[in-house]
Number of protein chains: 10
Amino acid sequence: MLFMVQMTVNLPQDMPAGTAAEIKAREKEYSQALQRSGKWPHIWRVVGEYKNVSIFDVGSNEELHELLSGLPLFPYMDISVTPLCRHPSAI
Amino acid sequence: MLFMVQMTVNLPQDMPAGTAAEIKAREKEYSQALQRSGKWPHIWRVVGEYKNVSIFDVGSNEELHELLSGLPLFPYMDISVTPLCRHPSAI
Amino acid sequence: MLFMVQMTVNLPQDMPAGTAAEIKAREKEYSQALQRSGKWPHIWRVVGEYKNVSIFDVGSNEELHELLSGLPLFPYMDISVTPLCRHPSAI
Amino acid sequence: MLFMVQMTVNLPQDMPAGTAAEIKAREKEYSQALQRSGKWPHIWRVVGEYKNVSIFDVGSNEELHELLSGLPLFPYMDISVTPLCRHPSAI
Amino acid sequence: MLFMVQMTVNLPQDMPAGTAAEIKAREKEYSQALQRSGKWPHIWRVVGEYKNVSIFDVGSNEELHELLSGLPLFPYMDISVTPLCRHPSAI
Amino acid sequence: MLFMVQMTVNLPQDMPAGTAAEIKAREKEYSQALQRSGKWPHIWRVVGEYKNVSIFDVGSNEELHELLSGLPLFPYMDISVTPLCRHPSAI
Amino acid sequence: MLFMVQMTVNLPQDMPAGTAAEIKAREKEYSQALQRSGKWPHIWRVVGEYKNVSIFDVGSNEELHELLSGLPLFPYMDISVTPLCRHPSAI
Amino acid sequence: MLFMVQMTVNLPQDMPAGTAAEIKAREKEYSQALQRSGKWPHIWRVVGEYKNVSIFDVGSNEELHELLSGLPLFPYMDISVTPLCRHPSAI
Amino acid sequence: MLFMVQMTVNLPQDMPAGTAAEIKAREKEYSQALQRSGKWPHIWRVVGEYKNVSIFDVGSNEELHELLSGLPLFPYMDISVTPLCRHPSAI
Amino acid sequence: MLFMVQMTVNLPQDMPAGTAAEIKAREKEYSQALQRSGKWPHIWRVVGEYKNVSIFDVGSNEELHELLSGLPLFPYMDISVTPLCRHPSAI
């Protein structure tokens with residue numbers, strides 16, 4: 001079951017560089033594990049912004065919320081979720 | 001080069017059913033030809049709306065505009081285009 | 001799997017009264033059949049507006065889109081869909 | 001008398017973890033007492049957000065304001081209230 | 001129980017003048033009957049707009065919806081409803 | 001001459017409790033003096049928000065600005081002002 | 001007493017040219033009479049739009065509404081009104 | 001003196017094809033004459049939309065308004081104007 | 001050449017009172033010098049807000065930017081600029 | 001390949017003047033190097049705002065993102081990107 005998820009990152013400008021680097025490293029590891037599992041099949045950077053457009057493929061709303069709220073950057077992100085389904089013209 | 005394209009369809013409510021069906025048939029054929037060519041790798045329906053989220057893979061802005069403005073439903077759609085690029089966490 | 005669905009109805013002001021009545025009668029029948037099936041457990045009127053707030057309980061995004069796009073009033077409604085899940089404080 | 005209430009939580013990012021945990025514990029207790037009383041019949045988490053959609057069943061506007069302004073998280077929330085009533089198609 | 005109701009009127013520009021006059025006459029009569037009953041204690045015109053700000057005093061959400069949806073101009077109005085209660089500084 | 005004034009309070013979350021209490025006490029006193037004078041005939045709390053809807057009855061724009069900018073909470077409020085006049089259907 | 005009034009004109013695209021010309025001629029005459037009377041001291045065109053920014057100098061909200069609702073183009077305009085007063089830095 | 005002008009075209013969907021073609025031909029001729037004169041140094045199509053971003057170089061606000069309001073498509077366009085000046089980092 | 005300029009002031013709430021007073025004094029002096037020169041012919045306070053509506057009369061966009069960016073309160077203001085020209089109905 | 005990029009700068013008000021000056025000096029140098037290379041052919045200041053409108057001419061979305069995210073002011077800017085292409089009326 002597919003969802004488009006748009007995430008915008010807003011790190012506090014007074015966060016120490018080391019803290020930010022550590023969170024981003026954990027975020028990358030977390031994201032790549034989900035990508036490898038097939039639950040996060042697409043992630044793209046929006047040009048010029050600290051923002052991504054992602055596609056998630058999960059079994060339920062609950063699973064999606066669990067994955068998103070576990071993101072190390074979750075407390076610093078604005079997230080919007082759009083449920084998707086098969087388009088009648090898709091081949 | 002990737003772009004997210006969001007298309008919302010607004011057919012006039014007084015368009016004859018036959019005309020609408022004919023335009024939609026041409027739209028489907030046009031879309032599927034581009035999907036097969038690899039230029040329109042993803043198209044999803046937004047749940048509950050007459051709207052899609054698509055990913056285009058084109059060589060230039062010009063090519064993207066040519067493809068979009070050639071859509072049979074183009075005169076009846078609101079379209080927004082978001083340039084994408086590789087995310088540093090993508091595997 | 002739960003979704004909040006908000007539907008605002010915009011009937012064309014020049015639609016003949018008989019046509020409107022016929023569509024609304026079919027909408028009511030369609031809605032009540034889904035309510036009885038358990039897939040549409042809640043529907044409330046928003047005070048002062050031709051709008052409802054509903055809760056759907058479906059097995060997938062695809063099923064929700066199929067149910068919503070089958071609404072007799074679908075061509076005349078603005079619909080927004082919000083995926084829900086269990087709240088950690090819910091009893 | 002039913003109201004849809006949407007609550008978005010914005011905890012200050014510099015709030016000590018202990019303080020946040022204590023407020024959330026009180027919030028949970030407060031919410032569950034109201035759920036048990038029948039005044040807060042539904043609470044759902046919005047997927048991907050620190051936000052809930054709730055239904056309140058109260059005797060008056062005054063009572064609703066008293067319940068909401070007593071929430072331990074009230075100073076940290078954006079709240080919107082939508083009055084609801086019975087839908088003519090509800091079974 | 002008090003509610004602020006804001007009503008903006010959008011009459012179709014091709015409505016015959018006689019029809020418009022007849023609807024407005026019925027609206028005035030309907031409004032004045034409710035004002036006399038005490039259920040619609042205040043109605044003010046917003047300067048420069050075809051819009052009013054009103055205060056309703058009703059027993060329930062249901063009663064408010066019944067009153068508003070019975071307005072002769074209801075099909076031609078955008079309405080927003082804001083639940084009010086006593087202010088702690090009110091004398 | 002009537003104006004609707006909507007005031008939303010945003011106290012800084014790090015304001016000491018004593019300071020906040022002192023400002024609110026002065027605000028209440030200031031508001032009640034104006035209510036008694038007849039210049040502030042209505043003040044209602046918006047349910048679920050730290051916001052009020054008020055009606056002012058003043059002799060001029062200048063007088064209204066003087067009254068509003070003298071509010072002890074003025075530096076912490078978003079204020080919007082809507083000029084009102086008699087509605088032709090008012091009894 | 002000063003007010004900024006912003007008026008945007010939306011003539012229906014199917015209005016006959018003769019009708020439009022006649023309304024505009026009456027609008028011009030009406031506006032110029034008010035300008036000469038001192039009640040409409042400023043009117044400027046917004047560059048690139050069918051819109052004006054105006055300053056009115058009137059004795060009351062009622063008088064302003066009477067002047068604005070009497071504009072021959074009133075049924076075709078979006079109007080917003082902003083109450084002004086003397087600025088403390090004005091010379 | 002430079003201005004960014006953004007123009008969005010909204011032709012009525014029931015405009016006869018011949019009328020639309022004739023207006024567009026005049027628009028093109030009008031635009032190209034201004035481009036050759038140096039007053040309209042840049043015009044770009046926004047990808048996926050019936051919209052352009054343009055730069056005008058004119059002697060005054062009045063001249064810009066005269067040029068824009070003379071566009072054959074002016075009655076069918078939404079136009080926004082942004083005054084520009086030299087950037088301190090421009091080479 | 002005329003421009004409407006709308007300025008909203010947002011002083012940081014932790015700015016020392018003495019600093020604020022000093023900046024406002026310089027702002028007043030700066031504004032009054034420009035008013036006397038004829039370049040800032042009108043400045044009005046928006047009722048109930050820390051905001052002004054002004055008219056500037058300058059020779060070029062560059063001059064306007066130089067005047068505005070030199071305002072002592074410039075770092076603390078949201079500014080929007082609207083180019084104006086003579087209205088065809090102005091007397 | 002052309003893109004319009006709009007950048008709004010929001011420096012924290014508590015940033016030391018020396019830090020701000022140093023970042024701006026690096027920003028200017030960075031911008032001018034790109035202007036000289038032909039990749040940033042236009043940069044204009046928006047009158048009255050700490051904002052620019054720019055045109056970039058790059059080979060790909062990736063290149064544009066790399067250039068923008070390398071701006072010394074990038075952490076302090078809101079950026080929006082609009083893909084452009086040749087206008088059919090351009091000479």
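In this text, all values refer to a predicted model and were calculated from it rather than measured experimentally. So that the names make sense, note that chain A is the first sequence line, chain B the second, and so on, each numbered from 1.
Both the backbone and the side chain of A/Glu49 come within contact range of chain J, judged by heavy atoms closer than 4.5 Å. With a 4.5 angstrom heavy-atom cutoff, J/Leu68 touches chain A only via side-chain atoms. Heavy atoms closer than 4.5 Å to chain A are found in the side chain of J/Phe74, but not in its backbone.
For the residue pair A/Glu27/A/Ser31, the side-chain donor-acceptor check at 3.5 Å is not satisfied.
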Taking it one step at a time, do J/Glu63 and J/Lys39 satisfy side-chain contact (heavy atoms from CB on, under 4.5 Å)? CA-CA 10 Å; J/Glu63 184 182 6; J/Lys39 292 183 187 303; 2.7 Å; yes

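For the side chain to side chain contact (heavy atoms under 4.5 Å, CB included) with J/Met77, the qualifying choice from J/Val9, J/Thr8, J/Leu11 is J/Val9, the only one to do so.
Side-chain atoms of A/Arg45 come within 3.5 Å of backbone atoms of A/Lys51 as a donor-acceptor pair (strictly under, hydrogens ignored).
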